[in-house]
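Lettering follows sequence order; numbering is per chain, from 1.
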There are 2 protein chains.
Amino acid sequence: MGIERHMPGRQPRTRIQKKNTETILEAALDVFSQHGFRGSTLDQIAKAAGLSKPNLLYYFPSKVAIHRALIDELMQNWLDPLRKIEADGEPVEELLAYVLRKLEMAREYPRESRLFANEIVQGAPNIMDKIEGELKSLVDEKAQVIDGWIASGALAPVDPYHLIFSIWSTTQHYADFDAQVRAILRPEGDAHFEDAAAYLDTLFRRMLTP
Amino acid sequence: MGIERHMPGRQPRTRIQKKNTETILEAALDVFSQHGFRGSTLDQIAKAAGLSKPNLLYYFPSKVAIHRALIDELMQNWLDPLRKIEADGEPVEELLAYVLRKLEMAREYPRESRLFANEIVQGAPNIMDKIEGELKSLVDEKAQVIDGWIASGALAPVDPYHLIFSIWSTTQHYADFDAQVRAILRPEGDAHFEDAAAYLDTLFRRMLTP
DNA sequence: GGTGCTCTTGACCAAATGGTCAAAGTTGTT
DNA sequence: AACAACTTTGACCATTTGGTCAAGAGCACC
């Protein structure tokens with residue numbers, strides 16, 4: 001019967017498919033991260049990608065499919081910095097390195113951060129399953145590691161969950177609220193990230209050193 | 001010539017106008033804070049307000065006018081907690097009280113916080129003037145106060161701007177990323193705000209105590 | 001150089017959406 | 001009660017938007 005008409009296949013086969021799906025996702029990231037899902041149109045994305053609208057829909061079956069592909073891609077990398085925390089490292093330094101990695105992500109991938117932020121602010125309609133699953137279990141796991149460190153006396157006693165929240169919020173702030181940060185600091189380029197790194201190092205070092 | 005046709009006047013005159021404009025703004029806050037500006041429709045707002053769509057447009061000339069009214073109202077109260085910081089108070093306690101006030105706002109007015117967040121994440125298209133004006137000058141002023149406290153030795157040396165950013169981000173996180181926080185903590189009601197208050201008090205107390 | 005596959009697009013469609021309007025219903029005042 | 005002002009709405013409109021389709025262009029392999 002008439003099955004998948006337009007879709008070439010789940011993943012790119014030819015080089016032209018690979019190039020175009022990448023171009024589309026790149027353009028979609030630009031648009032979605034700036035206007036949110038509902039605020040973005042296929043025409044905008046098509047224009048940004050330099051393709052026609054029907055051509056977009058040749059590679060992706062729908063607008064939500066593009067968004068989903070983007071979110072899926074994002075969620076894979078998003079948790080990497082947290083995964084890298086190692087239980088047998090030096091506690092304070094492990095956590096400070098994590099802070100720095102997150103801040104680095106905010107600097108290097110602000111669009112991804114905003115895409116994520118847009119999604120969560122609006123109640124995470126499309127990724128609640130991933131948050132309740134993958135994300136929660138990873139956080140639970142690392143919270144236990146932190147509790148272990150505290151029990152061993154190598155770390156000042158803190159609530160590990162709120163610690164993680166405060167690391168997320170302070171670092172992502174520089175990506176998600178970039179417009180505000182820039183309006184207030186008027187920095188040249190990314191200069192303020194240096195100061196942010198120094199500030200956050202001090203903040204969390206004082207918090208965590210026993 | 002044919003001027004303001006539908007609008008009763010800039011501000012409500014009759015009690016029925018007052019009641020309805022309030023109802024509309026209340027409903028619009030619900031809708032806008034949940035779906036963002038572009039993601040919200042007049043029909044949604046009308047339905048939430050229990051009015052017909054043309055009736056909305058009798059009180060407000062357009063969708064953006066409703067949004068603007070909401071943002072204007074919000075900006076007035078948003079800066080109050082920061083204004084309340086007094087230069088002749090005890091520095092550490094003044095700042096910790098500010099943290100608590102901001103956290104309280106996140107708990108009491110999460111919709112307002114998300115409305116604001118939605119706006120900033122998307123580049124603050126409608127309020128950049130207010131951010132560059134009112135907000136920036138208030139922050140500059142308080143940054144000077146903080147610098148004064150540091151010079152007097154009553155406060156540990158910190159970058160006042162990044163300090164303020166970290167207070168904003170950590171507190172607003174509980175409103176803006178509520179969906180994520182709840183998915184991870186699974187709290188009953190607002191119980192986690194108590195823990196957040198204790199955590200943030202510790203975090204900033206350690207940071208700020210000389 | 002033809003045959004089948006991949007890729008591209010102009011024209012089109014149905015639904016949603018912001019907004020208008022004239023007419024009808026309410027309310028307040030004298 | 002009557003008159004004017006205020007309030008409400010059903011019907012309507014133009015535009016935008018996600019998505020379809022059939023026909024045409026490239027491309028590859030024999």
Side-chain angles (χ1 to χ4, degrees), chain A residues 1-25 27-28 30-32 34-71 125-126, chain B residues 1-25 27-28 30-32 34-71 125-126:
Chain A
M1 292 298 190
I3 325 287
E4 11 142 343
R5 198 96 39 84
H6 40 45
M7 272 264 289
R10 287 310 164 197
Q11 53 253 51
R13 299 258 160 226
T14 78
R15 73 192 52 160
I16 213 169
Q17 274 175 39
K18 189 168 182 180
K19 190 193 66 162
N20 279 350
T21 51
E22 267 170 27
T23 305
I24 291 170
L25 288 175
D30 254 11
V31 176
F32 280 138
Q34 224 174 107
H35 308 289
F37 179 75
R38 292 273 325 252
S40 305
T41 72
L42 285 177
D43 288 295
Q44 275 176 85
I45 297 170
K47 191 177 173 185
L51 299 173
S52 68
K53 185 169 60 169
N55 209 4
L56 284 199
L57 294 165
Y58 173 71
Y59 291 102
F60 292 89
S62 68
K63 184 185 172 186
V64 298
I66 301 177
H67 192 252
R68 194 165 3 244
L70 226 38
I71 294 269
N126 300 311
Chain B
M1 289 303 188
I3 327 284
E4 11 140 345
R5 198 98 37 85
H6 41 43
M7 272 262 289
R10 285 310 163 198
Q11 53 253 51
R13 299 259 160 225
T14 78
R15 73 193 51 162
I16 214 169
Q17 275 172 39
K18 189 169 182 180
K19 190 192 64 161
N20 279 350
T21 51
E22 267 170 27
T23 305
I24 291 169
L25 288 175
D30 254 12
V31 176
F32 280 137
Q34 225 174 106
H35 308 288
F37 179 75
R38 292 274 325 254
S40 306
T41 71
L42 285 177
D43 287 294
Q44 276 177 85
I45 298 170
K47 190 177 174 186
L51 299 172
S52 69
K53 185 168 60 169
N55 207 173
L56 284 199
L57 295 165
Y58 172 71
Y59 290 102
F60 292 89
S62 67
K63 183 184 172 187
V64 298
I66 300 177
H67 192 251
R68 195 166 0 247
L70 226 37
I71 294 269
N126 299 311

Taking all non-hydrogen atoms of both residues, which atom of [X] and which atom of [Y] are closest, and how far apart?
X	Y	result
A:A27	A:I45	CB-O, 3.8 Å
A:F60	A:A69	CE2-CB, 4.0 Å
A:L70	A:F32	CD2-CD1, 3.7 Å

Would you be so kind as to tabulate the donor-acceptor pairs closer than 3.5 Å made by side chains of residues 36-43 of chain B, with sequence neighbours excluded?
residue: B:R38; atom: NH1; partner: A:G39; partner atom: O; Å: 3.2
residue: B:S40; atom: OG; partner: B:V31; partner atom: O; Å: 3.3
residue: B:S40; atom: OG; partner: B:G36; partner atom: O; Å: 2.6
residue: B:T41; atom: OG1; partner: B:Q44; partner atom: N; Å: 3.0
residue: B:T41; atom: OG1; partner: B:Q44; partner atom: NE2; Å: 3.3

Using distance only, find each side-chain donor-acceptor pair of residues 47-56 of chain B under 3.5 Å and give its atom names and separation, not counting sequence neighbours.
residue: B:S52; atom: OG; partner: B:N55; partner atom: N; Å: 3.3

For atom [atom1] of [X] and atom [atom2] of [N], their distance in whole Å:
X	N	atom1	atom2	answer
A:H67	D:dG18	NE2	P	13 Å
A:R15	C:dT6	CZ	C1'	13 Å
A:K19	C:dT6	NZ	P	18 Å

Sequence neighbours left out, what pairs pass salt bridge (Lys or Arg N to Asp or Glu O under 4.0 Å) with at least one residue falling in residues 54-70 of chain A?
-> none
For D:dT7, does either OP1 or OP2 sit under 4.0 Å from a side-chain N or O belonging to B:Q17?
-> yes
Per-nucleotide protein contact string for nucleotides 8-17 of chain C (B base, S sugar-phosphate only, - none; heavy atom under 4.0 Å) | BBB------S
